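Just so it is clear, the structure is predicted and the values come from calculations on it, not from any experiment.
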Amino acid sequence: MRQKPTVLSREIVASSRLFRVEAVELRFSNGVERTYERLVGRGNGYGAVMIVAMLDAEHAVLVEEYCGGTDEYELSLPKGLIEPGEDVLAAADRELKEEAGFGARQLEHLTELSLSPGYMSQKIQVVLATDLYEERLEGDEPEPMGVDKVNLRELSALAMHPQFSEGRALAALYLARDLLIQRGVLAL
């Protein structure tokens with residue numbers, strides 16, 4: 001196993017309402033020194049959750065929302081921050097109700113994904129939601145989100161859709177699809 005680099009120093013070099021940029025001076029085992037910059041949490045975060053919500057055995061819920069990073073309306077999975085005092089599954093159910101207008105009777109934690117491990121410390125919890133029912137909660141979104149669906153048999157086509165670009169959502173959909181196939185719920 002490789003030896004992790006030695007941290008020589010850490011410094012917050014930029015900060016905003018949402019992000020902090022940390023410069024980390026490192027010395028690798030071969031003596032090479034480098035400065036890495038990364039986005040780090042504000043210190044009060046409880047994490048985030050992304051939900052693969054199954055409408056039936058083959059269709060998952062997608063939401064359409066404005067994304068500041070791309071300056072476009074994009075399709076993705078419902079997701080959001082875990083609030084203080086919430087566990088992952090409670091946050092998933094709440095976010096699903098706020099963003100898509102569905103609750104789930106069955107929630108299952110699937111995995112944790114890094115967003116961009118070379119530059120970000122944040123991770124997101126992926127949850128599979130089944131046995132959905134209609135229920136809407138007021139959320140913090142500035143406008144109502146569009147709600148759509150995707151057939152898990154058509155994920156390659158979704159990846160080519162001009163309004164879909166979020167790699168972590170695509171990874172979550174493939175993980176859920178493979179799990180449902182393994183369980184005999186979905187046949188390809």
Side-chain angles (χ1 to χ4, degrees), residues 1-53 60-100 107-129 137-143 145 159 163-176:
M1 180 144 89
R2 291 177 166 239
Q3 179 181 343
K4 285 175 55 173
T6 301
V7 176
L8 303 174
S9 68
R10 296 176 188 265
E11 178 185 4
I12 300 299
V13 294
S15 188
S16 75
R17 182 177 60 84
L18 296 176
F19 303 108
R20 292 184 314 156
V21 178
E22 180 182 54
V24 183
E25 300 281 337
L26 300 171
R27 180 179 302 123
F28 289 82
S29 60
N30 63 359
V32 174
E33 292 185 10
R34 289 274 163 79
T35 301
Y36 279 57
E37 290 184 349
R38 67 183 192 149
L39 288 176
V40 293
R42 302 269 329 147
N44 56 358
Y46 295 91
V49 65
M50 174 176 278
I51 307 100
V52 180
V61 172
L62 295 177
V63 292
E64 180 188 43
E65 69 177 316
Y66 176 77
C67 296
T70 59
D71 189 29
E72 299 288 343
Y73 280 89
E74 301 252 354
L75 293 170
S76 188
L77 295 172
K79 61 190 166 299
L81 297 176
I82 299 170
E83 294 181 354
E86 275 186 322
D87 67 19
V88 169
L89 300 181
D93 197 44
R94 177 185 49 76
E95 286 293 342
L96 184 58
K97 290 173 182 175
E98 290 176 1
E99 295 192 356
L107 295 155
E108 177 182 356
H109 183 260
L110 296 183
T111 193
E112 176 180 82
L113 295 174
S114 296
L115 305 180
S116 180
Y119 298 99
M120 299 174 74
S121 64
Q122 294 89 346
K123 296 183 179 183
I124 197 161
Q125 307 302 315
V126 178
V127 172
L128 177 64
L137 289 177
E138 185 77 24
D140 59 359
E141 291 75 22
E143 63 183 356
M145 294 180 151
Q163 272 189 283
F164 186 88
S165 67
E166 189 169 16
R168 63 188 177 166
L170 190 60
L173 286 163
Y174 272 109
L175 288 168

### Task
Measure the shortest side-chain to side-chain distance between L39 and V21 over non-hydrogen atoms and say whether it is less than 4.5 angstrom.
yes
### Query
Which pair of non-hydrogen atoms, one from V61 and one from A100, has the smallest distance, and what is that distance?
CG1-CB, 3.8 Å
#### Entry: Heavy-atom pair with the smallest gap, counting every atom of V24 and V7
CG1-CG1, 4.1 Å
#### Entry: Validation row: L107, L128 side chains within 4.5 angstrom (heavy atoms)
no
#### Entry: Residues in salt bridge (charged side-chain N to carboxylate O under 4.0 Å, His left out) contact with E83, at least two apart in sequence or another chain
R94
#### Entry: Which atom of E22 lies closest to which atom of I12, heavy atoms considered
CB-CD1, 3.9 Å
### Task
Report yes if the side chains of K123 and S114 come closer than 4.5 Å at any heavy-atom pair, otherwise no.
yes
#### Entry: E65, E95, E99 screened by salt bridge (charged side-chain N to carboxylate O under 4.0 Å, His left out) with K79, the one that passes
E65
#### Entry: Atom of E141, atom of M145 and distance for their closest heavy-atom approach
CG-CE, 3.8 Å
### Query
Just wondering, do R168 and M50 contact through their side chains at under 4.5 Å, heavy atoms?
yes
### Message
If you apply the rule side-chain hydrogen bond (donor to acceptor under 3.5 Å, both in side chains), what do you find for S76 with E166, and how did you get there?
### Response
CA-CA 7 Å; S76 188; E166 189 169 16; 2.3 Å; yes
## Note on the structure
Heavy atoms of Y66 and E143 approach each other most closely as CB-OE2, 4.4 Å
### Message
Could you measure the distance from the CG atom of D140 to the CG atom of L81? Nearest 0.5 Å is fine.
### Response
8.0 Å
### Message
I'd like to check S29 versus R2 (side-chain heavy atoms, cut-off strictly below 4.5 Å). Are they in contact?
### Response
no
### Task
May I have the step-by-step check of side-chain contact (heavy atoms from CB on, under 4.5 Å) for V126 and L175, ending in yes or no?
CA-CA 9 Å; V126 178; L175 288 168; 5.5 Å; no
### Task
Look up atom CD1 in I51 and atom CG in L110, then write down how far apart they are to the nearest 0.5 Å.
11.0 Å
### Task
Looking only at non-hydrogen atoms, find the nearest pair between A91 and E86 and report the distance.
CB-OE1, 3.4 Å
### Task
Working to the nearest 0.5 Å, report the span between CG of L137 and CG of D93.
8.0 Å
### Task
Could you grab the distance from atom CG of L26 to atom OG1 of T35, nearest 0.5 Å is fine?
7.5 Å
### Message
Would the distance check show the side chain of Q163 and the main-chain N or O of Y73 forming a donor-acceptor pair, the cut-off being under 3.5 Å?
### Response
yes
### Query
For the residue pair Y36 and F28, does the interplanar ring angle fall in the parallel (under 30°), tilted (30 to 60°) or perpendicular (over 60°) class?
tilted
